Every structure is written in C-alpha cells, then in structure tokens.
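See below for the structure under consideration.
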2 protein chains.
Amino acid sequence: MSEKDTPATRPGERITIREVAQDAGVSVAAVSKVLRDAYGVSDALRTKVRASMAKLNYRPRASARGMRGRTYTIGLIFPDLRNPFFADIYSGVNAALERTQYQAMQGINTTSGAVNTTSSALIEAMIDRQMDGLIVIGPNIDMQALINLGERVPLVVVGHHDRGGDAFDTVNNDDQLGARLVVRHLVAKGFRRPAMLSLTPATSSIIQQREVGYRLEMMELGCGEAINIVRASQVVRDVQVAVRRLLSDANRPDAIFCWTDLMAFEAISVATEMGLSIPEDLAIVGYDNTIFCDLAQNSLTSVDQSGELLGLQAARMLIERIDGRTSAEHFIVPPRIVARGSASATSEAE
Amino acid sequence: MSEKDTPATRPGERITIREVAQDAGVSVAAVSKVLRDAYGVSDALRTKVRASMAKLNYRPRASARGMRGRTYTIGLIFPDLRNPFFADIYSGVNAALERTQYQAMQGINTTSGAVNTTSSALIEAMIDRQMDGLIVIGPNIDMQALINLGERVPLVVVGHHDRGGDAFDTVNNDDQLGARLVVRHLVAKGFRRPAMLSLTPATSSIIQQREVGYRLEMMELGCGEAINIVRASQVVRDVQVAVRRLLSDANRPDAIFCWTDLMAFEAISVATEMGLSIPEDLAIVGYDNTIFCDLAQNSLTSVDQSGELLGLQAARMLIERIDGRTSAEHFIVPPRIVARGSASATSEAE
DNA sequence: TGTTCTACGTATATCGTTCTACAAAATCTT
DNA sequence: AAGATTTTGTAGAACGATATACGTAGAACA
C-alpha cells in the first residue's frame, strides 16, 4: 500500500511536479497553480514552491502540459532562410517572448511561388505539435488557407495586408507609402523614369499596395508615362531575366525599384555585367534595409520597415490571442527611406 | 454503461486514435502499432487501419506521443540567421526527413561569441519539448557542454571537429584541406603574401584546423615569412576594424582568406572604400560558397563545403542515434574551391 | 453568535498516445 | 496428433501535467 503511494523516486529520471510537491510539502495541484500563475495562491505558498522548483532544478515537460493545457510554444513560419530581413523579425519576436514562458520554434515553408490552398505540411506539423499559436511571415499563403488556419489556431500574419475578418491579426508596414517614398526620392534625385520590379505571383495585397503606391506617386509627380511594372519570382534566374529584359529595352528606365533587397542585389549584378554604372546610368532601390545594403559594393538605398518592431508586435498580439482575444487587430508601422549611393544624385554633378 | 463505453464522439474535436480504432473495428493498441510501424501487424490489419486513418483524416498528436514515446521532432540549432549557408544545411536536413515521420524545428542560439558552459536557454527549451534529438550547427558551444548534452539526448554536431567520445556524432568538411586549397589557389594565381582573417574566440578546432591548413600550406609553398593570421568576431564592426588594420600595414598582404563569405563581403567593402581594387590590389577568398558569391559586385572565390550534403548526413546520423546507435560516427566531406573574379589572375596581365 | 463570503489548497479525473504482458490463433516439428 | 514456436491482436496501466469540483479557514456582516 505504502509502496504504491510512494513511487520510489528513481534517481536518474527527470524531476516531476510530484517530487516538487513532495519537497515543498504541498499538493501537486498547488505546484501546477504556481507554474501557471493561476488564481488562488498565497505569497507564502508561491515562495515555498518556487524554492523547491529551483532547488530540484525542476522543468515542466511541454508534452505533458500540452495534454490538457498549453505547450507554451509558438510557431514562426518563414518563407525562406536566405533573406536576412527575417532575422530582424526573429529578434523582435524573441525580445517580446523574453520574460514569458513562451518559446518560439521556426520552420521554413518551402513552397516558394506555389500558392497552396491546402495548408502546408509544415503548418500541419506545427498543429500536430500543439503550438499554442502561429506567426506566419510573408505573402506566400493563400487567403482562404489563412482564414481556415486562423479558425483552428491563434494566428498572426506578418506582411499581408488582406484582412481575414476576425480570423487573424496582421502586422505590416505601410507598403503603399513605402513605394511612394521611393518614387519621391528617385524623382527628387533626378531619376524621372523609374521602373518597378515587382513579385509574381501577386497573391497578397502587400504586392498590390506597393504597385498602387508606385503608380499613384508616379502620376502625381507627372511621370505617368514612364510607369513600367515588371514581375519576377524570387528565383535567381527569373530575376536576372527580368532585369536583363528591362535594361535591353530601347528606352530603358533610369532607375529600378526592386521588390526586395535581394532582388536589388541581383539587379546591381546584372546591370554591372551589362556595363552600366550605378547610379550614373541606373539607380537602384531596394526594400527591407537589410545589413548587406551597407556594403560598399552594394551601397543600396532601401526602405526600412523596422523588422524588429514588426516581430515584437506580432508576438505581443499573438499572446493576446492565445489569452483569449477573438477580435482582429492590425498593426502598421510607417516605412522610412535610407539613402545610400545606389540612388544618390550623380556624384559628378554634385 | 453503454454511454461510458462510447464517449459520444464530439464532432468539433480532433480525431483520436480511439475513433480510428473504432472505425476500423480493431483495438487502440493495433492502431498504435500501425502508426509506429511496430512489429506484429498483418498486412490485412495494416491496410484496414491505414484506410480508416485516411478516411477520418487522422493525425496523431505529438504531445500525447511524447508522454510515452517519441515526438518525432528534431531540433535544429543555428548560430545565426543571416548566413545563407545555413539555408543549404537546412534543405539537406529536410531532404533526409522527407519520407520519415520526423519534422525539424529550428531555433537560433543567439549567444554570439560568448562561450556558454551551461546549456543555453534554447537547448533547454528544446529538451523540455521532448525533441527526440538535436542537430547543433557551428562552433559556438563549449566542448564540455556538448558532451553533457550528448549524454542527455541524441546529438549530432555540424562544424565542429573535436570529438566527444561516444557522446555525439560530428559532420564536417575537411577544413584543413579547405584552407590548403585556398592557399594553393592564391599562390598559383600569383598572390604570394595572403593573410588569413580567422574567427575569435577560437573555441572549436574547426578554426584551428583551418589555421593549421593555412600555415602548413604556406610553409610548403615557400611563403612561410608571409604567414599572418588576424582574428575577429562575427560582429560587423570587429570585422571592419580588423580588415582596415590589416590593409593599413606597411607591407600589407596581397590577399585575404576570410573565415566566411560574410566576412569576405565585409572585406571587399572595406577594401573598396580604401580605394583598392580587387583583385588587382588585393585578392579575397571566402568560405561556404553562398549564393551571394555569384553576384558580379562580389564575384567571390570561395570554398564549397556542400552544405546540403552536410545537412543530409547529419539528419541521417541523428535518426540512427535515435534508433539506438550509441557509438559515435564522423562524416567528412571534401571541400572544393570555386574560382571567381575576386582571386583571378590580374585581368590586365592576362 | 450565526451566516455568508472570499481566499486558499487539495483530491482526482482526464488528456491521447505508447508499452508491457498476455491470450489466441496459426504455423512448424516431430 | 501433440507439443513447441511464432505471429497477430488485445487489455489496461502508465506517462506528467492541467482543470474541475470541492473542502476548509478566516473575515465580514448582520
């Protein structure tokens, strides 16, 4: 009888909540309450339990917690791993999670280009693993899929303007304004025929927003006839072809506004190979203001959209949703242009 | 009584193994066996159960599995998110996991530079979440910590030559050879005073291996007096300072062999800003052969260490360990130099 | 003084799998 | 045909937390 009650604390094994309770001289339920910061715990009890947890070096197991409650894990889904912009978002998310019990786990949704109506394998895997919520980054996923997903699990989408009713929150920079700033900057520097290298497939309205911003600002500044939008996928080959075609045209643009810094670097490369010099023959502007913009060989003017802040807000909002909020919220940060050599006034002229 | 037996299958809820068993007309244990490919299942039973699983769209929950068995999740720990080389490793890992039930979850161990004896928060979090095994990438973690870790959980380390007895497997390229190839290449192209920009802190022997390779090959090719190793951390500022100092020296090197492509790009930037042209005044060679090497503005000669293959092997070996192997294995891939403009023979001379 | 709250703790069923032990059926041996 | 062995399937106890429901003690109020 007594042997059955005391399960003979095997030493090599991991400490469980039961042993903490025994050590602290309280019930298992009490320890669980302390763990979850639940209601109905006196200071004295909390202190006692915390002491035992520290002493025994106790760590709750996520799978056991997940059986009834939360796993305190959130999934972070990137569209790819090569763009250093996502590192900024990541560090923002981590900053927000710093003092919480939550931990982020990343996955890469490698369905580049393909719009997937059904949820991706990665997302299903994350749901199987009982993630308390998901942060999905980038415009790769179909709208209806997002809504379905948001109905199954707390969800925040970063970089996706379309709203899904109350199904999910969104976090963005003002892409229309960002595009306007670029055009304004270029025209101010004397480039009056900037083309835009946009993304295909143009599934999410984040792309449309930038294209609209580009068009409108071009019109308003009297450059309407020069409007020229070309689209390419993120694949290196596609970008090269698109840029080459753009620059081979009879009346080629005097500037290219690129969807992403990575595309802009490709553009610089192609232009250089074609013997054009930057910015004298061609100005280039990117988006994201990634660290590589600072390198002298790129010296890329770009739009900063505060990736870290985006990540921070996304995590904050997700936790609110996990804690029960059911109405959607939307966060927008203003973009800001960072001028560098790739779109400066022609240096000779200055 | 009958109500207790049939738990009244609530519709909105997720399908469980019990419902699959009921649908297939077999026991819960039988379904579990099919799920795990365990011994003692006839073809007929397997087919029947598989059909029910598909029909009901059943997916097992990782947390429940983790209570007794595996979670079928492995943790992938990167040192940072900005180096596109890690994307190659990632895709190798994913390729190896393709047809298995395993799923990789990533985390970034942001203890850049700092050598942590105690296991990092991320690693603890992954253990709390019952990862079946871990793949740790990069030389950031202290040797003793790795051994301790390997004794707690199946472990494969990528980019770390030191062996930890049977505690973990390692996957590497031959760094000593890689460094030799670089020196050989540079000397063959006429650069007889190449310096090496290495990494600090030099905790892992992967760094030592490259330094040894550099030294030995320099000696063997009769350039012993020109041996010059400078170290910097991965932090941008440090790299800039180190390169600037190197190039300001009275008899400056005619080439720099950089620890990583990222450092090489920095080096190109600094050299450019100092008015040096590449490769006429200074050759530069990187390591990893990341995608950015191909850009015309970098055109960086680099060492390819087949990141994808490394990832593939790491995942394969980890699964073997999870399945019970306890002796260590070590995989080494030969590096290969990829020549580009940054270290070509002076173009004028040719 | 008795009654009603409120705050604090506890006992225990429960979550969805896996795993151990065993029973039954099929096959092999002699 | 009887025993021995192997194969196939089942029952039911785990795993380690959480959450519900409830008991109790003290405070507040009449």
Side-chain angles (χ1 to χ4, degrees), chain A residues 3-5 7-10 12-22 24-49 52-53 56 58-73 101 127-130 132 322, chain B residues 4-5 7-10 12-49 52-53 56 58-73 101 127-130 132 322:
Chain A
E3 284 177 13
K4 191 183 160 215
D5 289 341
T9 315
R10 283 159 301 186
E13 302 291 320
R14 191 170 168 143
I15 300 290
T16 74
I17 199 173
R18 222 172 305 273
E19 294 160 71
V20 175
Q22 192 170 342
V26 299
S27 72
V28 166
V31 179
S32 175
K33 277 189 178 183
V34 171
L35 218 51
R36 288 172 289 133
D37 276 321
Y39 175 82
V41 181
S42 67
D43 283 353
L45 183 100
R46 189 181 354 263
T47 311
K48 200 163 50 175
V49 170
S52 289
M53 295 197 315
L56 299 176
Y58 167 72
R59 309 210 53 166
R61 291 199 189 194
S63 8
R65 307 182 91 174
M67 290 293 288
R68 306 269 313 172
R70 304 179 179 176
T71 58
Y72 295 92
T73 310
Q101 294 192 62
I127 291 179
D128 293 344
R129 281 157 186 79
Q130 302 266 111
D132 293 334
I322 292 172
Chain B
K4 192 185 157 215
D5 288 343
T9 315
R10 282 159 302 185
E13 301 292 321
R14 192 171 169 143
I15 299 291
T16 74
I17 199 174
R18 221 173 306 274
E19 294 161 73
V20 175
Q22 191 169 342
D23 183 86
V26 299
S27 73
V28 167
V31 179
S32 175
K33 277 190 178 181
V34 172
L35 218 51
R36 290 172 287 129
D37 276 320
Y39 174 84
V41 181
S42 67
D43 283 353
L45 183 104
R46 190 183 350 264
T47 310
K48 199 164 51 173
V49 170
S52 288
M53 296 198 312
L56 300 176
Y58 166 72
R59 310 209 50 164
R61 291 201 190 193
S63 7
R65 308 183 92 174
M67 290 292 288
R68 304 274 308 174
R70 305 179 178 176
T71 58
Y72 295 91
T73 311
Q101 292 194 64
I127 290 179
D128 294 344
R129 281 157 186 79
Q130 302 264 115
D132 294 333
I322 293 172

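Protein chains get the first letters and strands the later ones, always in sequence-line order, with residue 1 at the start of each. The model shown is predicted, which means the values in this text are computed figures rather than measured ones.
Contact annotation for A:Tyr39: backbone-only contact, meaning every heavy-atom pair under 4.0 Å involves sugar-phosphate atoms and none involves a base.
Per the geometry, CG belonging to B:Asp43 stands 12 Å off C1' belonging to D:dT7, to the nearest Å. Put simply, CD on B:Gln130 is 9 Å from C1' on D:dG16, counting in whole angstrom units. What separates CG of A:Asp132 from P of D:dT18 is a distance of 12 Å, to the nearest Å.
Taking A:Arg61 as the reference, nothing meets the salt bridge (Lys or Arg N to Asp or Glu O under 4.0 Å) condition, with sequence neighbours excluded. Scanning for salt bridge (Lys or Arg N to Asp or Glu O under 4.0 Å) contacts around A:Asp128 gives B:Arg14, B:Arg59, with sequence neighbours left out.
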How does protein reach along nucleotides 17-25 of chain C, written 5' to 3' as B (base within reach of a heavy atom under 4.0 Å), S (only sugar-phosphate), or - (no contact)? BBB------

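Rounded to 10 degrees, the angle separating the terminal helix axes of the helix from C:dT1-D:dA30 to C:dT30-D:dA1, each built from five base pairs, is 30°.
Considering CD1 of A:Ile322 and CG of A:Asp132, their distance stands at 5.0 Å, rounded to 0.5 Å. For the atom pair OG of B:Ser27 and CD1 of B:Ile17, the computed distance is 9.0 Å after rounding to the nearest 0.5 Å. The structure places NZ of B:Lys33 at 10.0 Å from OG of B:Ser42, a figure rounded to the nearest 0.5 Å. Between atom OG of residue B:Ser52 and atom CD of residue B:Gln22 there is a gap of 10.5 Å, rounded to the nearest 0.5 Å.
Between B:Met53 and B:Leu35 there is a side-chain heavy-atom pair separated by less than 4.5 Å. Side-chain contact between B:Val34 and B:Lys48: absent, with no pair of heavy atoms (C-beta onward) separated by less than 4.5 Å.
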Grab the N/O contacts between the protein and nucleotides 26-28 of chain C below 3.5 Å, and write none if there aren't any.
none

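With hydrogens and angles left out, the side-chain atoms of B:Thr73 and A:Arg129 include a donor and acceptor closer than 3.5 Å.
Residue pairs meeting the salt bridge (Lys or Arg N to Asp or Glu O under 4.0 Å) criterion with at least one member in residues 35-44 of chain B, sequence neighbours excluded: B:Asp37-B:Arg50, B:Asp43-B:Arg46.
When all heavy atoms of B:Arg65 and B:Pro60 are compared, the pair lying nearest together is NH1-CG, 3.7 Å.
At the phosphate of D:dA17, neither OP1 nor OP2 sits under 4.0 Å from any side-chain N or O atom of A:Ser63.
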